Amino acid sequence: MRFRDRADAGRRLAARLLPYRGEAVRVLGLARGGLRVAYEVAHALEAPLDVWVSRRIDVPGRMTVLGAVSEGGGFYLDRQALQALGLPEVEARSLARAEASEVDNQVQRLRGTPEPAIGGCTVLLVDDGLVSGATALVALQTLRRQRPSRLVLGVPVGTLQGLDRVRPAADAVVCVEVLPAMRMVAEAYDDFRPLPDVELRQLLARAREPVQPREVLESTDLGGFWM
């Protein structure tokens, strides 16, 4: 299965997430591309939308994902990757601090307000896809500290490795399409263009406008759950 763009992916994912529709649901889109997917999910579920920021820790000149950092002080380090690279942990933490600084900057650019209050809510964390799963994992671990009643990850596409990595951190994981050999999320999309800050802020502003009901494909197929 291929997706035309993130809006198409969001509508397909929303059909799988309809059972979670309710008063205490909050949808969080992982910046950047996950926010466009999450906009469709929030619209379909008539739920509030906000953004959550996490970033990978990459090693310059290497293709290996070393870990990820998240707003709220989240930090995840893949120790197997660290060992394989022969990289000192102190250097990895230095790379993490640089990414954490960019996380803070991006939060200010996109939201500029405190973290969304999610205690006691069902939280649907949405991304446009996952390969390593590092950014979703650190976001889930950090969001868990706020004690949501239920924490669900929704993605249109993912690898088996990535899904296995995030599964223990969520109460449920919903994935529309599993592509075991996917190396980049862009491989599953016809249109995977970058989304500028201004467009992401517009999505958040539009999500706060009164909801206009629209027909959503009802789905009784709850396949893709990883418990």
Side-chain angles (χ1 to χ4, degrees), residues 1-3 5-6 8-10 12-13 16-17 28-38 41 52-72 74-87 89 91-93 95-96 99-100 103 123-144 150-190 192 194 221-227:
M1 177 187 296
R2 288 184 63 82
F3 303 101
D5 52 23
R6 293 182 181 92
D8 174 44
R12 297 194 197 190
L13 178 60
R16 299 289 181 91
L17 293 172
L28 299 180
L30 271 173
R32 295 183 174 270
L35 186 59
R36 183 64 187 90
V37 180
V41 172
W52 192 265
V53 180
S54 62
R55 290 176 62 88
R56 294 182 317 192
I57 304 170
D58 291 324
V59 181
R62 303 288 187 95
M63 295 294 292
T64 304
V65 177
L66 194 56
V69 292
S70 166
E71 62 174 294
F75 173 58
Y76 161 69
L77 184 63
D78 185 340
R79 296 198 173 274
Q80 288 187 341
L82 185 69
Q83 185 176 8
L85 290 171
L87 196 69
E89 185 168 336
E91 186 172 342
R93 290 186 175 273
L95 292 170
E99 292 299 332
V103 164
V123 175
L124 307 181
L125 179 68
V126 176
D127 203 358
D128 53 12
L130 58 84
V131 178
S132 73
T135 52
L137 175 60
V138 73
L140 290 166
Q141 291 174 339
T142 310
L143 289 166
R144 182 69 75 182
R150 192 164 177 80
L151 186 55
V152 178
L153 175 68
V155 291
V157 63
T159 64
L160 288 171
Q161 176 188 8
L163 292 167
D164 282 342
R165 175 169 285 167
V166 301
R167 181 171 50 186
D171 296 306
V173 178
V174 180
C175 181
V176 177
E177 182 77 4
V178 179
L179 296 179
M182 184 174 66
R183 295 169 299 175
M184 298 182 295
V185 175
E187 295 172 15
Y189 288 82
D190 294 328
F192 199 70
D221 175 13
L222 300 185
F225 278 81
W226 293 65
M227 304 300 292

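Residues: numbered from 1 along the sequence shown. Computed from a predicted model, the values in this text were never measured in an experiment. FYI, side chains are in, hydrogens and waters are out, and symmetry mates aren't considered; it's all heavy atoms of this structure.
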Rounded to the nearest 0.5 Å, how far apart are CE of Met1 and CZ of Arg12? 5.0 Å
Is the shortest heavy-atom distance from the side chain of Leu95 to the side chain of Pro60 under 4.5 Å? yes
Counting neighbours of CZ on Arg144 that are heavy atoms of other residues, nucleotides or ligands and sit closer than 6.0 Å, is the number greater than 12? yes
Main-chain N/O of Asp128 paired with Tyr189 side-chain donor or acceptor, under 3.5 Å: yes
Side-chain heavy atoms of Val166 within contact of Val155, under 4.5 Å: no
Test side-chain contact (heavy atoms from CB on, under 4.5 Å) applied to Asp127 and Leu28, Leu30, Val157, Leu35, the passing residue: Leu30
Minimum heavy-atom separation for Ile57 and Ala96, please, with both atom names. CD1-CB, 3.6 Å
What I'd like to find out is whether the side chain of Phe192 reaches to under 4.5 Å of the side chain of Arg6, using heavy atoms alone. yes
What are the two closest non-hydrogen atoms of Glu187 and Ala181, and how far apart are they? OE1-O, 4.4 Å
Quick one: which residue pairs count as a salt bridge (charged side-chain N to carboxylate O under 4.0 Å, His left out) with a foot in residues 75-84, not counting sequence neighbours? Asp78-Arg165, Arg79-Glu89
Please report the shortest heavy-atom distance between Thr142 and Glu71, naming the atom on each side. CG2-O, 3.3 Å
For a quick test of reading the model, state the closest non-hydrogen atom pair linking Gly67 to Ala134 and the distance between them. O-CB, 3.9 Å
To the nearest 0.5 Å, tell me how far Leu13 CG sits from Phe3 CZ. 8.0 Å
Reported CZ-to-CZ distance for the pair Arg55 and Arg32, which is rounded to 0.5 angstrom: 8.0 Å
Taking all non-hydrogen atoms of both residues, which atom of Ala169 and which atom of Leu137 are closest, and how far apart? CB-CD1, 3.6 Å
Within this structure, what is the OG1-CE distance for the pair Thr159 and Met184, rounded to the nearest 0.5 Å? 13.5 Å
Could you check if a side-chain atom of Arg62 sits within less than 4.5 angstrom of a side-chain atom of Leu85, using non-hydrogen atoms only? yes
